[in-house]
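Notes for the one structure printed next.
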Amino acid sequence: MTKKENKSPSLIVRILASILCVLIVLVAIALIGFSVGENIVFAKFYSRADKAFKIPGLWGGSVPQGFEYIDENDIFLYTGYHKDKVSPSMVYIMPDDGEGKARMVELYEKDGTSFDSHVGGITIYGDYAYIADGKGIALFELSDILDSDGKATKYDFIEVDFSVAFVEVNGDKLYCGNFYRAVDYETPQSHHITTPNGDKNTAIIYEYALNPDTSYPKSVIPDSAFSITNAIQGMTFGENGEIFLSSSWGLSKSHIYVYNTANASKGEFALESGSIPLTYLDSKCLIDDIVAPPMAEEIVYDDGELYIIGEAASMKYLFGKITGAQYVYAYEYIDD
């Protein structure tokens with residue numbers, strides 16, 4: 001064997017190592033560029049938003065969806081489904097100062113099997129946590145979630161005549177709505193409404209009156225409805241009666257639409273049992289459009305700030321791990 005032949009393998013290794021180093025550098029540059037670019041694109045958002053706290057569970061398979069704040073307990077809750085779609089869905093309990101240790105609570109059906117629903121929004125009223133669950137709303141006892149055994153069992157289920165994506169309680173009213181995306185997430189044709197202002201809305205929110213004594217809706221029939229736009233992930237209310245709706249899909253920019261219902265057009269929405277009052281949330285009563293980073297999910301309003309949770313930094317999507325999406329952001333809402 002010649003000296004030239006002896007050196008050939010070593011030369012090949014050095015060449016491959018050099019190529020690998022170049023690729024690593026290029027990937028690092030691309031990631032840095034992506035992160036810097038994201039901060040430039042959303043500079044207006046970040047100028048008003050602070051990192052409130054890190055979202056727990058993102059390395060463990062949780063895909064964040066619903067979001068809620070319990071003022072008397074000083075805690076935030078978020079729902080997430082597991083990216084493997086087999087393990088139990090979960091609720092994370094997080095101290096509002098971001099300093100204490102977060103706790104995960106796995107969710108189960110009454111028969112002990114995993115509650116592996118693609119959970120959506122979460123809201124609290126009285127003794128129960130209402131969690132969006134496909135064709136309705138799953139009820140969990142709040143005490144069962146907040147105890148220290150790390151699991152909670154579904155207590156009851158409220159059927160709704162559409163696929164519920166998000167829920168919210170304001171006063172003694174429960175709101176639940178659906179999510180529209182052509183082909184992927186269709187909604188009933190009756191939800192496709194051209195508003196008096198010419199907007200083409202594609203989804204509906206039902207409003208139910210709640211009974212403070214039972215923590216349940218007073219009737220299975222909603223009291224009223226709201227006509228809304230597509231891709232709505234969450235809902236909350238401002239201190240002056242504003243309605244905030246968060247909208248997102250994939251890598252597109254998220255939007256948080258702010259409506260003043262005092263300016264909204266009114267109509268009626270037909271149910272099998274009769275008609276109920278309908279409010280059109282459209283461009284006529286839209287007072288703000290907050291552009292936010294991709295994959296914003298449910299939102300919480302508290303004391304002048306919008307708290308926004310997203311799913312971009314989950315193990316399902318990953319890219320958010322380099323853009324700061326692993327944090328809940330507190331956005332200072334200023335009514336311009």
Side-chain angles (χ1 to χ4, degrees), residues 45 49-58 62-82 89-98 100 102-105 107 117-125 128-133 137-138 140 142 145-146 152 164-170 174-177 179 205 231-238 242-248 254-258 290 292-314 316-317 320 324-333:
F45 173 84
D50 294 319
K51 294 175 179 176
F53 50 84
K54 266 194 170 182
I55 304 169
L58 295 177
S62 176
V63 184
Q65 298 293 297
F67 198 36
E68 176 68 306
Y69 179 62
I70 307 180
D71 186 63
E72 55 267 34
N73 297 82
D74 296 325
I75 56 173
F76 285 93
L77 306 178
Y78 93 75
T79 55
Y81 67 89
H82 201 285
S89 298
M90 63 211 76
V91 174
Y92 271 90
I93 304 170
M94 303 156 289
D96 66 356
D97 60 6
R103 292 192 291 116
M104 183 187 75
V105 178
L107 304 179
S117 161
H118 184 309
V119 290
I122 180 172
T123 193
I124 303 298
Y125 185 76
Y128 301 111
Y130 287 79
I131 297 178
D133 175 31
I137 303 169
F140 289 80
L142 184 57
I145 291 175
L146 297 183
V164 178
F166 58 91
V167 289
E168 176 70 355
V169 164
N170 187 42
L174 170 67
Y175 301 83
C176 64
F179 178 99
I205 294 171
I232 299 302
Q233 302 274 13
M235 175 186 192
T236 193
F237 289 84
E242 307 97 332
I243 292 179
F244 299 84
L245 299 180
S246 61
S247 172
S248 71
S254 298
H255 293 265
I256 299 172
Y257 301 118
V258 189
I290 302 166
M295 295 192 174
E297 292 292 318
E298 208 169 30
I299 50 180
V300 168
Y301 180 90
D302 183 61
D303 196 23
E305 292 187 308
L306 275 171
Y307 290 84
I308 306 163
I309 196 168
E311 62 181 357
S314 66
K316 182 176 180 179
Y317 298 107
Q326 66 268 38
Y327 291 91
V328 166
Y329 282 89
Y331 179 89
E332 182 184 12
Y333 177 68

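Note that this is a predicted model, so its numbers are computed, not measured. For this chain, numbers begin at 1 and follow the sequence in order.
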Output yes when a side-chain donor or acceptor of [X] lies under 3.5 Å from a complementary backbone atom of [Y], and no otherwise.
X: Gln326; Y: Leu58; result: no
X: Tyr81; Y: Gln65; result: no
X: Ser314; Y: Ser62; result: no
X: Ser246; Y: Ile256; result: no
X: Ser89; Y: Leu107; result: no
X: Glu298; Y: Ile122; result: yes

Heavy-atom check, side chain of [X] versus side chain of [Y], under 4.5 Å:
X: Val328; Y: Val300; answer: no
X: Glu305; Y: Asp303; answer: no
X: Tyr329; Y: Lys51; answer: yes
X: Ile93; Y: Asn73; answer: no
X: Tyr175; Y: Val167; answer: no
X: Met104; Y: Pro56; answer: no

How close do [X] and [Y] get, heavy atom to heavy atom, and via which atoms?
X: Ser254; Y: Pro293; result: OG-O, 2.6 Å
X: Ile137; Y: Cys176; result: CD1-CB, 4.1 Å
X: Val63; Y: Lys316; result: CG2-CB, 4.0 Å

Derivation and outcome, side-chain contact (heavy atoms from CB on, under 4.5 Å), residues Tyr69 and Asp74
CA-CA 8 Å; Tyr69 179 62; Asp74 296 325; 3.8 Å; yes
Rounded to the nearest 0.5 Å, what separates atom CD in Glu297 from atom CD1 in Ile55?
10.0 Å
How long is the gap from CG on Leu77 to CE on Met94, to the nearest 0.5 Å?
6.5 Å
Over 60° means perpendicular and under 30° means parallel, so tell me whether [X] and [Y] are parallel, tilted or perpendicular.
X: Tyr130; Y: Tyr128; answer: perpendicular
X: Tyr78; Y: Tyr92; answer: parallel
X: Phe244; Y: Tyr301; answer: parallel

Using the side-chain contact (heavy atoms from CB on, under 4.5 Å) rule, take Ile75 and Leu146 through it: C-alpha gap first, then chi angles, then the decisive distance, then the call.
CA-CA 10 Å; Ile75 56 173; Leu146 297 183; 3.7 Å; yes
Worked verdict on Ile205 versus Ile243 for side-chain contact (heavy atoms from CB on, under 4.5 Å)
CA-CA 12 Å; Ile205 294 171; Ile243 292 179; 5.8 Å; no
If the condition is side chain to side chain donor-acceptor pair (under 3.5 Å), which residues does Ser248 pass it with, not counting sequence neighbours?
Gln233
Taking everything shown except Asp97 itself, do over 12 heavy atoms lie less than 6.0 Å from its CG?
yes
Which residue, Val258, Ile299, Ile232, Thr236, forms the side-chain contact (heavy atoms from CB on, under 4.5 Å) with Leu245?
Ile232
Between Phe67 and Tyr307, is the gap from one ring center to the other below 6.0 Å?
no
Excluding sequence neighbours, so at least two apart, what forms side-chain contact (heavy atoms from CB on, under 4.5 Å) with Pro294?
Phe42, Phe319
